[in-house]
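Predicted model only: the values in this text are computed from it and were never measured. Start at 1 and go down the list; that is how both ligands and their atoms are numbered.
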Amino acid sequence: MFNLIIFGPPGAGKGTQAIKISEKFGWKHISTGDILRAEVSHASPLGLKVKSIMDSGHLVSDELLIEIMESVFIKNKTAKGFVLDGFPRTLNQAQELDKMLLRHGEKLTLVLALIVDEEELVKRLLIRSHDHGRDDDTEDVIKNRLVQYHRHTEPLISYYKEKKLYQEVYGIGSIKDIFNQLCAAIKP
Ligand code: AMP
């Protein structure tokens, strides 16, 4: 099983590239943001619980995310691979993911990070808010999402560097060129 993390700040293009990778290799794409947004749109008990947190750009609790991740993993145990998009986002989530994979006789294969400068990220997120009307893409929320990324998620870079799993791809350019660079780094 190829267990890939597409890593990077909000607006780096993780979702777009994760979908393309999962289609090319036949792997299961898991976007925790999409899973949570589906819960919110169905107004499920979980959705009601997380809506205000998501709308403010804060992170939903590690406990909830780990629970969601394990249940999706178990449901898709026959998959040839996973493309994780938006998870893990904290050191605790990363450690729990390692433990969870180990419990299922698996381990992480690769972490591919998309590198995009802050100015470009804000520009892209503002465009996305106009185009898709995402409640969590207003200017203040965008700033908070980036703060949360630097505070909680960026430290994962050294965690994965130490494990020799981390590789970077420059995330500005055409979707196709970036995709080709990601594919070259994957070599399954
Ligand atoms: P995303 O679409 O990945 O940017 O996620 C949208 C929002 O969902 C985030 O701003 C968080 O509020 C929440 N979220 C998604 N994934 C996670 C995660 N792994 N840990 C905590 N919160 C998350």
Side-chain angles (χ1 to χ4, degrees), residues 3-22 28-74 76 82-101 108 111-116 118 120-157 159-160 165-166 171 182:
N3 297 307
L4 171 71
I5 292 175
I6 294 290
F7 187 87
K14 298 190 296 295
T16 305
Q17 296 295 342
I19 290 168
K20 289 176 73 65
I21 291 167
S22 65
K28 171 77 183 164
H29 172 216
I30 305 179
S31 157
T32 46
D34 285 352
I35 293 170
L36 292 170
R37 275 186 292 278
E39 296 288 339
V40 171
S41 73
H42 293 128
S44 68
L46 174 62
L48 294 173
K49 198 164 152 186
V50 300
K51 185 179 185 325
S52 61
I53 304 170
M54 291 177 75
D55 286 349
S56 68
H58 281 91
L59 295 181
V60 174
S61 82
D62 286 344
E63 248 172 41
L64 256 176
L65 264 297
I66 291 156
E67 216 173 277
I68 290 172
M69 189 49 72
E70 183 142 25
S71 81
V72 178
F73 186 83
I74 288 168
N76 293 280
F82 286 98
V83 185
L84 304 188
D85 156 15
F87 181 92
R89 258 178 157 98
T90 65
L91 198 54
N92 185 24
Q93 289 180 18
Q95 289 164 340
E96 289 300 321
L97 173 66
D98 287 343
K99 286 189 214 162
M100 195 263 283
L101 289 171
L108 216 52
V111 178
L112 283 178
L114 288 168
I115 305 303
V116 176
E118 196 103 353
E120 173 72 14
L121 292 174
V122 174
K123 205 171 86 189
R124 289 184 186 181
L125 290 166
L126 282 171
I127 292 170
R128 184 157 90 189
S129 85
H130 289 300
D131 292 353
H132 300 291
R134 263 181 64 162
D135 293 342
D136 59 352
D137 278 346
T138 64
E139 198 156 354
D140 279 351
V141 176
I142 285 169
K143 282 194 192 129
N144 190 32
R145 277 155 59 73
L146 291 168
V147 167
Q148 300 304 314
Y149 170 78
H150 291 304
R151 189 174 297 160
H152 299 290
T153 312
E154 214 169 25
L156 296 188
I157 294 173
Y159 180 77
Y160 289 125
L165 293 172
Y166 180 84
L182 291 168

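- Between T90 atom OG1 and Q148 atom CD the span is 11.5 Å, to the nearest 0.5 Å.
- Each of the atoms 8 (O), 13 (C), 14 (N), 15 (C) of ligand 1 lies under 4.0 Å from some heavy atom of L36.
- Considering CD of Q93 and CG of L84, their distance stands at 11.0 Å, rounded to 0.5 Å.
- Between D34 and ligand 1, no N or O atom pair is found at a separation short of 3.5 Å.
- Counted by atom type alone, H42 and S44 present zero donor-acceptor pairs between their side chains at under 3.5 Å.
- The contact set between ligand 1 and M54, taken as ligand atoms under 4.0 Å from a residue heavy atom, comprises 7 (C), 8 (O), 12 (O).
- Heavy atoms of K14 found under 4.0 angstrom from ligand 1: none, in either backbone or side chain.
- Between the CD1 atom in I66 and the CZ atom in F87 there is a gap of 5.5 Å [rounded to 0.5 Å].
- For A94 against L156, the heavy-atom pair with the smallest separation is CB-CD2, 3.8 Å.
- Here the CG-OG1 distance, from L114 to T16, works out to 9.5 Å after rounding to the nearest 0.5 Å.
- Looking at L59 against ligand 1, both its backbone and its side chain come within 4.0 Å, counting heavy atoms.
- Heavy-atom contacts of Q93 reach the following atoms of ligand 1: 18 (C), 19 (N), 20 (N), 21 (C) (cutoff under 4.0 Å).
- Remark: ligand 1 atoms within the under-4.0 Å shell around heavy atoms of R145 are 4 (O), 6 (C), 9 (C), 10 (O).
- Residue T32 approaches ligand 1 through these ligand atoms, each under 4.0 Å from one of its heavy atoms: 15 (C), 16 (N), 17 (C), 19 (N).
- Under a 4.0 angstrom heavy-atom cut-off, R37 registers as being in contact with ligand 1.
- Under 4.0 Å from ligand 1, not a single heavy atom of Q148 appears.
- Distance check, rounded to the nearest 0.5 Å: CD of E96 to CD of E70 gives 9.5 Å.
- With distances taken over non-hydrogen atoms, the option nearest atom 3 (O) of ligand 1 out of K51, H58, R89, M69 is R89.
- Heavy-atom minimum distance, H29 versus S22: CB-OG, 3.6 Å.
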Could you check D85 against I19 for side chain to side chain contact (heavy atoms under 4.5 Å, CB included), going step by step and ending with a plain yes or no?
-> CA-CA 9 Å; D85 156 15; I19 290 168; 6.0 Å; no
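- The shortest N or O to N or O distance between G86 and ligand 1 is below 3.5 Å.
- Annotation: L65 places no N or O atom under 3.5 Å from an N or O atom of ligand 1; distance criterion only.
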